[in-house]
Amino acid sequence: VVTWNAMIGVYAQQGQVEEAYRMFQSIPQKNVATWTAMVSAFAKNGRLQQALQLFHQTPHRDVFAWNDIISAFADNGKLKEALHLFQEMPCRNVVSWTVMISAHAEQGKLEEAFSFFQQMPERNVVSWTAIVSAFARQGLLKEAMELFIEMPQKNIVSWTALISGYGQQGQLKEAFHLFQQMQTEGFSPDNITIMSIIDACSNHAALAEARVIDTWTRNSIFKSDILLGTSLVNMYGRCGSIPDAVEVFNRMPQHSLLSWNSLIGVYAQHGCGQEAFQALSSMMLEGVMPCNITFVSIISAC
RNA sequence: GCGCAAGUAACUCU
């Protein structure tokens, strides 16, 4: 049963809801976890009705099952229903409360989110991070920072939430300072941390900072992947530096269609038709087939 | 033991 439950989760993650459901039906002895996994599978693929229906059929619903369906409603923007279920549920745990925090934060209802945070009987690092993130995303950096300082334990997610808040507000120096500080305190940034800084540099056309983060990814023991490389290319494009964009691109061990599109897009932004065409033939030499987006970029480069 | 909650994100146009 344990294995089956896990497989439902795997199918769900890949968007194979039908497969998951077929498997679910064939499982002889289901437990609550089986049902919850299936409800979650429906929910994550936007099948709220089926999720709800199955939830109602679930025997011996526990707090996990309840949290799951509440979170499903919340994810689909049905805050009212989520709240109602939260009030109806027989018992709540820290996850239930945290779902309410993030659900309200998502809708911009910061006051409510904070009120849930204050009312909850106990908090963990996830609930703290949820509230820090809520304030940070709204640009209330002072409040976010205060809560961050106050939180008893931090992890990489908490740090990233705060950093990305500063990044989105264009407070790059502060974002970088936090980036340093997190490492001083023993936390290694991951792809998500880096991506949020890249995004900040891109959106604020901060070339100097862009180079700092690029250099960091090069010098640290850090598994950079295609997605990150592609984002660096885009970042340099938005910061207006073609040479830097080309250099990161060439440094990438693998290029996907999207990486090529990004490079060509950078050329396009700067009207470099010649280079765009060269890139087009290079990509085909590498065996990557251009798509319509590629051609749109090529055309606009000319 | 399995199922629920927190951080970022792609390329063109919008």
Side-chain angles (χ1 to χ4, degrees), chain A residues 1-10 12 24 27 30-41 43-44 55 58 61-72 74-75 92-103 105-106 113 117 120 123-134 136-137 151 154-165 167-168 189-200 202 225-235 237 255-266 268-269 290-301:
Chain A
V1 186
V2 174
T3 316
W4 280 319
N5 293 351
M7 288 193 67
I8 292 178
V10 171
F24 172 80
I27 299 174
K30 307 177 183 65
N31 59 19
V32 207
T34 318
W35 287 83
T36 306
M38 194 58 228
V39 171
S40 180
K44 286 195 178 101
F55 170 75
T58 304
R61 284 174 297 225
D62 59 8
V63 70
F64 279 30
W66 280 93
N67 289 342
D68 187 39
I69 194 70
I70 290 175
S71 156
D75 285 344
R92 301 172 254 283
N93 64 10
V94 63
V95 174
S96 328
W97 287 90
T98 305
V99 170
M100 295 318 286
I101 294 175
S102 55
E106 191 75 29
F117 177 76
M120 64 196 296
R123 302 165 188 88
N124 61 16
V125 64
V126 177
S127 30
W128 276 96
T129 302
I131 196 67
V132 167
S133 169
R137 271 199 306 236
M151 71 190 287
K154 303 162 183 35
N155 61 20
I156 185 174
V157 178
S158 345
W159 280 98
T160 304
L162 190 64
I163 289 172
S164 108
Q168 278 162 9
D190 64 6
N191 283 27
I192 297 187
T193 316
I194 303 301
M195 292 291 313
S196 57
I197 294 192
I198 288 177
D199 199 50
S202 299
D225 55 14
I226 293 196
L227 197 149
L228 192 107
T230 303
S231 302
L232 288 171
V233 172
N234 288 324
M235 172 185 75
H255 301 129
S256 66
L257 171 62
L258 262 60
S259 320
W260 282 106
N261 284 350
S262 294
L263 179 69
I264 293 171
V266 170
Q269 280 163 26
C291 69
N292 51 349
I293 292 182
T294 316
F295 291 115
V296 170
S297 299
I298 293 279
I299 290 166
S300 77

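Proteins come first, then strands; the chains are lettered A, B, ... in the order of their sequence lines, and each starts at number 1.
Under the side-chain contact (heavy atoms from CB on, under 4.5 Å) criterion, Ala65(A) pairs with Thr36(A), Phe55(A), Arg61(A), Asp62(A), sequence neighbours left out. Annotation: side-chain contact (heavy atoms from CB on, under 4.5 Å) contacts of Ala136(A) (sequence neighbours excluded): Ala144(A). When the side-chain hydrogen bond (donor to acceptor under 3.5 Å, both in side chains) test is applied to Ser127(A), the partners found at least two apart in sequence or on another chain are Asn124(A). Considering only residues two or more places apart in sequence or on other chains, Trp260(A) meets the ring-ring contact (aromatic ring centres under 6.0 Å, His included) condition with Phe249(A), His255(A). Every side-chain contact (heavy atoms from CB on, under 4.5 Å) that Asn31(A) has, sequence neighbours left out, goes to Val1(A), Asn5(A), Ala33(A), Thr34(A). With sequence neighbours left out, Ser300(A) forms a side-chain hydrogen bond (donor to acceptor under 3.5 Å, both in side chains) with no residue at all. Thr193(A) pairs by the side-chain contact (heavy atoms from CB on, under 4.5 Å) definition with Ile156(A), Thr160(A), Ile163(A), Phe179(A), Met182(A), Pro189(A), Asp190(A), not counting sequence neighbours.
No engagement by Ile163(A) is indicated, since no non-hydrogen atom pair under 4.0 Å with the nucleic acid exists.
For Met7(A) and G1(B), the CE to C1' distance is 17 Å, given to the nearest whole Å.
Comparing A6(B) with A10(B), their C1' atoms are spaced 22 Å from each other, to the whole Å.
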Checking side chain to side chain contact (heavy atoms under 4.5 Å, CB included) for the pair Leu162(A)/Ser133(A): CA distance, chi angles, key distance, verdict? CA-CA 6 Å; Leu162(A) 190 64; Ser133(A) 169; over 6 Å; no

Distances under 3.5 Å between protein N/O atoms and the N/O atoms of nucleotides 3-5 of chain B, please, pair by pair.
unit_1 : atom_1 : unit_2    : atom_2 : d
G3(B)  : O2'    : Ala37(A)  : N      : 3.2
G3(B)  : N1     : Asp62(A)  : OD2    : 2.8
G3(B)  : N2     : Thr36(A)  : OG1    : 2.9
G3(B)  : N2     : Asp62(A)  : OD1    : 2.8
G3(B)  : N2     : Asp62(A)  : OD2    : 3.0
G3(B)  : N3     : Thr36(A)  : OG1    : 3.4
C4(B)  : O2     : Asn67(A)  : ND2    : 2.6
A5(B)  : N1     : Asn124(A) : ND2    : 3.0

Could you run down nucleotides 8-14 of chain B 5' to 3' and tag each one B, S or - for protein heavy-atom contact under 4.0 Å? BBBBB--

